[in-house]
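Chain letters run A, B, ... following the sequence lines, proteins first, then strands; residues in each count from 1.
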Amino acid sequence: MNISLILQMAAEAEPDRIGLVCDGRRWTYGALAEAARGAARLIGDTRCGHVALLDESSEASAIALFGAAIAGIPYVPLNYRLADADLAALLGRIAPALIIGDKPRVDRLSSGAGHHVLTRGGFVAGAEALGAEALGGDGGEREEPAQTVAVELFTSGTTAAPKAAILRHSNLMSYILGTVEFAAAAPEEAALVSVPPYHIAGIAALLSSIYAMRRILLLPAFDPDAWLGLIAAERATHAFLVPTMLGRVIGRMDAGATAEIASLQSIAYGGGRMPLELIDRALALFPGAGFTNAYGLTETSSTVALLGPEEHRAAHRSADPAARARLASVGRPLPTVELEIRDAAGRCLPAGARGEIYVRGEQVSGEYRERSALDAAGWFATRDAGWLDADGYLFLAGRADDVIVRGGENISPGEIEDVLLGHPAIADAAAVAVPSAEWGEAVGVAVVPREGYAVLEADEIRGLIKARLRSSRVPERILVVDALPYNEMGKLLRREVRKKF
Amino acid sequence: MKPGTRLKSVVCDTEVMVIRAGDGTIACGGAPMVEGKPADRGQIDPAFAEGTRIGKRYVDSEASVELLCVKAGQGSLSLGGAALQVKDAKPLPSSD
């Protein structure tokens, strides 16, 4: 079982169908498969242990992913936005690697590590030339054990140094075979992919779209106007966004940006907390689109739970608070994934009780280069907090590591932030643990005032919390800031917030 | 035979990947399928000549065996002489 089968099947079924569009160039499944076979030969000749990408999305990310798979070598897309010191550390951890993309930067940061570096153009041209030479050969014939590593992804490291998460061919193939029907896409279907190649959603988008034979429209650098423009130009039918991106698109549309978006049938989102008012606004702005909320982690090969289009519309239309609350849910687990909520002692909790989310299934790797994080029975502790409602819908409640432990009482930042964000004078808010001589930890909140409103006094903020939550949630320290720190994918950097206190 | 094994028809172009392995002989076009390259191409049994379709899953009545067709051909699949059926897909919304 090797992920190269995905591209091989698409090329076998319809070699001349367009599979990928990037920067105006159109690639058929046949041409992509040929380039991937050529890339495998090129990779093999370098005798490197990893194939890394240090570049924005392009045809090279697809060719490198499948080429590495055929060659049986891990593919490691790197975050090009990392600071030099952080990137240099990662380059050291994967040496010697074939690195595709920013050659000057690799030469500057990691010379002498034995890396073999090619520009994007050099890699693609080389892969195409070798692929054409190998005509008649079939790279997919080479059977790799399913246990071979397909992809290594460095986690975003919002709480600690990045860990190298390992996804084996068996994990990714189980995810694709369990969630996507081969060639199910109609000929006009096209998916706009704007997440970066080093994000699990970027990998999953390539695999899912090619297996469904849904044409991929790559948008290398996300920008709301470019996103709207590409939908109109290529008549995109599907798109995946992280909440920050959707917020920026809606901001532009509310500011008067117009685009022909009637082709859009499906918008999936995930990878971060979606504010309720944002998804409500999106449902109103895209009345013809089905919305899907996907919850997943790098370590679980992408999606493990989803809230589908009908569930979104039902919640959006409903006046019943309980039904509307479901808009804030990430839906139900996939049929192929088991999911439990457990307490700190590892006991399974009933519906309604908040605890840590555990998942199990063939797509769940739960493995890092350094160690496996699966327990003896194969369960992966996600470190995400959450609860299930009576109908099995999953609600997230922040990272387990972000829980504030005040005098032995566990406080989830999310419940405090929800109250603060409900106030019109507060544009953004974060609750974090601050040291307390009396309680060990206490609540600190950082709030961003909304423009055009009077800045709230500390006592007003305390009163807001006190009126809605238990007194232990009332913040001991309050900071008013201009903005909160987020990474480029819209994840709040809580360790940076903590440093402000 | 274990999940992930690739089997080839000896009478047509059909190739399958084993998703769920069970007991019994898997055949295509009436002839047992093989791992690796088949030697000589035999004749399709007309009783098993409805063809296979790429991307479809094939199961027996007890769902003890599941095969994914990765290359289409003219023969049809069987387990212990009983024809396999196409498994109904339960579509999920696209999430990436």
Next on the checklist: Show the nearest heavy-atom pair for residues Glu181(A) and Ala89(B), with the distance to one decimal.
Outcome noted: OE1-CB, 3.2 Å
Checklist entry - Between OG of Ser95(B) and CZ of Phe240(A), what distance do you get to the nearest 0.5 Å? => result 8.0 Å
Item to check | Check: Thr292(A) and Ser94(B) side chains under 4.5 Å, non-hydrogen atoms | outcome: no
Checklist entry - Using non-hydrogen atoms only, which part of Thr179(A) is less than 4.5 Å away from chain B: side chain, backbone, both, or neither? => result both
Item to check | Leu68(B) side, atom CG; Met1(A) side, atom CE - distance, nearest 0.5 Å | outcome: 9.0 Å
Checklist entry - Does atom CD of Glu188(A) have more than 12 heavy-atom neighbours, drawn from other residues, nucleotides or ligands, at distances under 6.0 Å? => result yes
Checklist entry - With a 4.5 Å limit on heavy-atom distance, are the side chains of Leu177(A) and Arg57(B) in contact? => result yes
Next on the checklist: Show the nearest heavy-atom pair for residues Leu306(A) and Pro93(B), with the distance to one decimal.
Outcome noted: CD1-CG, 3.7 Å
Checklist entry - Looking only at heavy atoms, what is the nearest atom pair of Ile54(B) and Met9(A), with distance? => result CD1-O, 3.6 Å
Checklist entry - For Leu334(A), is it the side chain, the backbone, both or neither that has a heavy atom under 4.5 Å from a heavy atom of chain B? => result side chain
Item to check | Nearest-0.5 Å distance, CG of residue Asp96(B) to NE2 of residue His199(A) | outcome: 11.0 Å
Next on the checklist: At a 4.5 Å cut-off on heavy atoms, which part of Tyr175(A) comes close to chain B: side chain, backbone, both, or neither?
Outcome noted: side chain
Next on the checklist: For Lys56(B), which atoms come within 4.5 Å of any heavy atom of chain A: side chain, backbone, both, or neither?
Outcome noted: side chain
Checklist entry - Are Pro335(A) and Leu92(B) close enough that some pair of their side-chain heavy atoms sits under 4.5 Å apart? => result yes
Next on the checklist: Does any backbone or side-chain atom of Ala205(A) lie under 4.5 Å from a heavy atom of chain B? Answer side chain, backbone, both or neither.
Outcome noted: both
Next on the checklist: Can you confirm whether Arg17(A) is buried at CZ, in the sense that more than 12 heavy atoms of other residues, nucleotides or ligands lie under 6.0 Å from that atom?
Outcome noted: yes
Checklist entry - Is there side-chain contact between Arg6(B) and Leu5(A), with at least one heavy-atom pair below 4.5 Å? => result yes
Checklist entry - With a 4.5 angstrom heavy-atom cut-off, which part of Tyr211(A) approaches chain B: side chain, backbone, both or neither? => result side chain
Next on the checklist: Counting neighbours of CD on Glu189(A) that are heavy atoms of other residues, nucleotides or ligands and sit closer than 6.0 Å, is the number greater than 12?
Outcome noted: yes
